[in-house]
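Worksheet for the structure shown next.
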Amino acid sequence: MLRFVLRRVALVLPSLAGLLVVTFLLIHAVPSDPAVAMAGDAATPEQIERLRKQYGLDRPIWEQFAVYLGKVATLDLGESAFTRRPVARDIVQRLPATLELTFCALALSVFIGVPLGVMAGLKHNTWPDYLLRVFSVLGIAVAAFWFAIMLQLLFSMQLGWLPLRGELDVSIARPTRVTGFLLLDCLIAGRLDAFADAARHLVLPAVTLSLGGLATIVRFTRAGVLDTLQHDFVFYERAMGYRRLRLIWIYVLRNSVTATVTQIGLLFGGLIAGGVVVEAIFDWPGIGSYTVQAILTGDRQVMLAVTLLVGTVYAGVNILVDVVHGLLDPRLMERT
Amino acid sequence: MSRHGRLGRRELGGLAIGAFAAGALRSAQAADATTFVSGFGLPINLDPHQIFDVPMQAVMLNAYDNLYRYQGDPPKIVPWLAESHTVSADGLTWEFKLRSGVKFHDGSPLTADDVVYSFRRMLALALAPAGAFLKILKPEGVTAPEPLVVRFKLETSYAPFFAAIPSISIVNPRQIKANEKDGDWAKSWLASNGAGSGSYRIVPAGYRPLEYLDMEIFDGHFLGWSDNPKPVRKIACRPTKESSTRLLALLDGSLDCTDTNLPADQVAQINASKIAYVQKDVVMRTFIIRMNNTKPPFDNLNARRCFAHAFNYMGFITDILGGYATRDPYPMPDTLWGIPKDAKGYDYDLAKAKEYMAKAVAEGAPMKRPFELHVQSENEQSVQGAQLFQSDLAQIGINLKVVGNIWSNLTTAAAKPETTPDMWVHWVSTYFVDPENWVGQMYDSQFHGTWKASAYYKNPEVDALLRKARALTKQEERAPLYEEAIRKIMADSPDIWIYNSMQLQGLNKRIKGRRFCTVGQGAEMRWVTLAS
């Protein structure tokens, strides 16, 4: 197992290095001068030039890249041109909110999507299957921003059940930051009022973000179940008198979800990218809006750091997916 | 797993669900009567010596004090931390007498030494707020001859100095020095903290850049609170990023005010609600299409006049902006002194545009080449304005391409005449209330290289007039010089001046006592109360 994981990690490292080089080159190709953003609206050309020199922006690109690599090696991601704070600090402050939202959306997608997919497969060509097929097409087709506004109108404006935006009500004091994950911090602080409020704030963004993933997982699980049900071992186990529930949830499901697990790994990247829109609509304080702001202001350090970070997280999740694949089908581990 | 552990999780889960359900029906409740939930945008960080833009005004005016401050509508500069000031006859020495008994948020007294430190810090950082001071003030030129007297010795006479004084916040050196690292003037620390004496203090734990900011009342503010017995106790800044969310939040009462960029199409919807209304205020914020006067055919007067006559000013204001702007044919707000009221602006007249085009072509101007007009993509109204211009120019045979861009790219491009687009669109907000903020910095050729001067207009007579006006201290002497300069600028038609903005802001009806000033755009909170 360890060898399997190490091999996967070793394969990921060159990809991350490539990502860093390509991102660095692309960002420097954009005709935007960070010194201008740093100097601000009322700055003179002299002020801008001074900043350019101060931050080494007047040096050749290869030299800037070498300096940046040296810093990254020591986990120094530089200083943001627009918040004027260390990028690592800004990211550490925001990433938990994004991950909290992403994992909740992923959990919703998986824990609802897999059973629904199994049901659709078992009820092949009956009305529940037709219904779920329509749902999965709609789920993929519907734009997240439209769905978000519909949820806001229904659950916040009409019914008044759930908050419209943000991650915590202004009247509730934030718990002491321990992990950065608001729900966890609320529990650690024993603040159930804050936990409940934070959970309610999480519902609409998580549901919005999960929709596309949910639909995808339903489709892939359904297809996997339909395929597995045709295998001989299913007929054999049926003939052997295995209980239906045991047969489906252990033997059929295990053999059906390989493609679904692969999709989950891919979905994770999609959820982080899709989170930019969802975070903006629900004013969710994650890295999405931070990244958008960095792009609009030409803040290179932030763009580089966020790309590298998202790439690393994405790679990590896909290593995890590979491990799960290996656990589901030990032959994969033996082959590698 | 032990039974004990299983029960613990169940209890926890049960309690969480119960708490969740208990709170489920109170999501749309209004904030309490002492907390103001503001939708104003946040500055990119909280240091008033690093940032100087419109969002920063909301922080500066509430969390910091300055020597003088703009108040009222139209804005007047009034004593604030200073009781009075004097200026020498040559305009080089300015002395400000401070109030006594002013305290910072940490309880320490505010003295002339603190003012000196604040100005020296601003000059040392040399960032945006220093723009008006760097050329005329050296750090050693700011001194404290007495504990409550600050003296400024300018390098050269500069009348807008006084108008720019409110742009500098006074910070607490004791807090700053305690958080300095490697002589950085605590630049990183103050980016996320407060060190002021203003009516509200920044709560560092309640701050996440660009996401939220909490400020709580400072009971010890030097003005006291007798003029507002029921002030807002907490300002919770929760800017919205999406226009639709902003509207819904205002209508469900979870937001007390929107930012000041409300789209015209939301006005009727808000005014029809029981909970909120739209406040309209004319502000000094001009909307301009810049022309790069160094690129042919914009180096030709007739070509520039052709473009100036081809813009449908009133169509844009009436149909696209819903009438929420005032036509301003001058290169600065028509409410400001120094405007030659007899000067006639350019009107929408395609026949005249054709005439000027023919003259320009006869003079060899390349009017048939394709032109680019760069707009800020995220601003729908400027995109629509550009499209309107495009369709009118097409009628006279001019091929205009509308190019979406972002502010940072545009300001970078505007640093050089060869990279500045043919045309681009922007506003000029009130950084300080003086003609220098508009015509002074836009049309004096010494400012070439800044985005404000991106027309790259050069007229030695105008340069001389503006420089002379800048060196005088009396408004009655300066005004005729600006009038003359503006007449010449308008005759040269270097840009297309379109409108002065009307600020549209959605406000909850529980807000009482709001005082509006174009500087800060109504963000100062010390007079506001919230009705039950």
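Keep in mind it's a predicted model, so treat the numbers as computed, not measured. Here is the naming used below: chain letters follow the sequence lines, and residue numbers restart at 1 for every chain.
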Flag, side chain of B:Thr245 to backbone of A:Phe282, donor-acceptor distance under 3.5 Å: no
Which one of [options] has the most heavy-atom pairs closer than 4.5 Å to chain A?
options                      : answer
B:Ser377, B:Ser192, B:Ala249 : B:Ser192
B:Gly449, B:Ser167, B:Ala126 : B:Ala126
B:Asn409, B:Thr450, B:Thr419 : B:Asn409

Option that, when pairs with chain B are counted at under 4.5 Å, heavy atom only, ranks first among A:Leu153, A:Ile281, A:Ile149: A:Ile281
For the student: nearest non-hydrogen atoms of B:Arg208 and A:Pro285, plus distance: NH1-O, 2.9 Å
Nearest heavy atoms of B:Lys234 and A:Val170, plus distance in Å: NZ-O, 3.0 Å
Let me know if [X] has heavy atoms under 4.5 Å from chain A in its side chain, its backbone, both or neither.
X        : result
B:Tyr212 : side chain
B:Leu46  : neither
B:Gln376 : neither
B:Ser244 : side chain
B:Pro239 : backbone
B:Ala413 : neither

Heavy-atom distances under 4.5 Å only: say whether [X] touches chain B with side chain, backbone, both or neither.
X       : answer
A:Ala97 : side chain
A:Asp90 : side chain
A:Glu49 : neither

Heavy-atom neighbours of A:Phe65 CZ exceed 12 at 6.0 Å: yes
Greater than 12 external heavy atoms within 6.0 Å of B:Lys135's NZ: yes
Value rounded to 0.5 Å, distance of [atom1] in [X] from [atom2] in [Y]:
X        : Y        : atom1 : atom2 : value
B:Asp214 : A:Arg174 : CG    : CZ    : 9.0 Å
B:Leu127 : A:Leu51  : CG    : CG    : 5.5 Å
B:Leu248 : A:Ser156 : CG    : OG    : 8.0 Å
A:Asp283 : B:Leu255 : CG    : CG    : 9.0 Å

Close side-chain approach of A:Gln152 and B:Glu242, heavy atoms under 4.5 Å: no
Check: A:Gln293 and B:Pro209 side chains under 4.5 Å, non-hydrogen atoms: no
A:Arg94 with B:Glu211: basic N within carboxylate O range, under 4.0 Å: yes
Any donor-acceptor N or O pair under 3.5 Å, side chains B:Thr240, A:Arg165: no
